[in-house]
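Below is one structure; the comments refer to it alone.
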Amino acid sequence: MAGAESDSQFQFTGIKKYLNSYTLTGRMNCVLAAYGGIALLVLYSKLRSKKNPAVKAS
Amino acid sequence: MNENLFASFITPTMMGLPVVIIIIMLPSMMLTSSNRLLSNRFHTFQQWVVKMITKQMMSIHSPKGQTWCLMLVSLIIFIGSTNLLGLLPHTFTPTTQLSMNLGMAIPLWAGTVFLGFRHKMKSTLAHFLPQGTPIPLIPMLIIIETISLFIQPMALAVRLTANITAGHLLMHLIGGATLVLTSISPPTAMITFISILVLLTILEFAVALIQAYVFTLLVSLYLQIDNT
C-alpha cells in the first residue's frame with residue numbers, strides 16, 4: 001500500500017481534476033457522483049411508476 | 001443422538017429463568033484485580049498477558065486509535081476466555097450464538113465507520129474507490145466496495161459462530177463415535193481417540209484463541225482504515 005498520498009503530485013485538467021481515481025478528492029467525488037446517480041435512478045423509476053398506474057395494474 | 005447433538009447449543013434456563021447472563025459474566029468473575037503494585041503469581045501472570053495483548057494489538061494504531069485500547073483488549077480477553085471455558089465438557093458456550101456475536105460485531109463495526117465519517121470524511125469516502133481504478137470499472141467497483149462494507153459485521157459474527165459451533169459439533173460426533181467403538185472394537189476406539197479426538201481437542205484450543213484474536217484484529221483494522 002502506498003504511503004500518504006498528496007493531491008499535489010497529480011496534475012489533472014478539466015473534468016479529470018475533479019473526477020479521477022488517483023487523488024483523494026477525485027476518488028471522493030467519484031463515489032459521491034456514483035451514489036448521486038443511483039439515487040437519481042431510484043427516484044426516476046419511482047416517479048415513473050407513480051405516473052403510470054395503469055401499467056402497474058396490468 | 002440427533003436431539004442430543006444440538007442440545008448443548010440451547011440457551012440454558014434454570015426454573016424458567018435464563019442463566020445465560022451469569023454464564024456470560026463468568027469469565028470476568030474469574031479474572032482478579034488487586035490494589036497492590038506487586039501481587040500474587042496468578043495476578044502477575046494475568047497482568048503480563050494483558051500487557052502483551054495490549055502491546056500486540058495497539059502498536060499499529062495512532063494515538064487517536066489507541067483510545068480504543070480498553071475496548072479491544074477487553075474484547076479479546078472476553079472472547080478468548082469464553083471460548084476456552086466452552087471447551088469444558090457439558091458447558092454452554094455463548095459465542096456459539098449468532099445473536100451474541102452479531103451483538104458484538106455490529107456496534108463495534110458501526111462505531112469504526114461512524115468515527116471514520118466524523119473525523120475523516122474525505123478519506124473514508126475515498127476508500128470506496130481503490131486508487132488507480134480504470135474509468136470503466138469505477139461505478140461497479142464503488143458498488144462492490146459498498147456491499148463489502150456492509151458484509152463486514154456479518155462476516156465477523158458468522159466466522160466466530162461457525163468456527164466455534166463446528167468445532168464443538170465435531171468433538172461431540174467423534175466422541176460419540178469413539179464411545180460406540182469401545183464396545184465394538186477397543187483397538188479402533190483407542191486409535192480414533194488418540195489420533196483424532198486428542199488432536200481435535202488441541203486444535204479446538206488453538207481455534208478458541210485464534211478466533212478471539214482474528215475478531216479483535218479485524219475490528220482493529222477497520223478502525224485503522226477508517227481513522228488514519
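Chain letters run A, B, ... following the sequence lines, proteins first and then strands; every chain starts at 1. What you see is a predicted model; the values in this text were computed from it and never measured.
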Bottom line for L32(A): the part with an atom under 4.5 Å from chain B's heavy atoms is side chain
Hey, is [atom1] on [X] packed in by over 12 heavy atoms from elsewhere, all under 6.0 Å?
X	atom1	answer
I15(A)	CD1	no
L137(B)	CG	yes
F114(B)	CZ	no
Q56(B)	CD	no
F117(B)	CZ	yes
L70(B)	CG	no

Bottom line for L141(B): the part with an atom under 4.5 Å from chain A's heavy atoms is neither
- Taking the side chain as every heavy atom from C-beta outward, state whether K120(B) and L24(A) have any pair of such atoms under 4.5 Å apart. no
Taking a cut-off of under 4.5 angstrom between non-hydrogen atoms, the residues of residues 34-43 of chain A near chain B are A34(A), Y35(A), I38(A)
Atom pair [atom1] ([X]) and [atom2] ([Y]), whose distance is rounded to the nearest 0.5 Å:
X	Y	atom1	atom2	value
C30(A)	L129(B)	SG	CG	5.5 Å
I138(B)	N20(A)	CD1	CG	8.0 Å
R27(A)	K122(B)	CZ	NZ	11.0 Å

Checking heavy-atom separations under 4.5 Å from chain A, one finds in residues 25-42 of chain B none
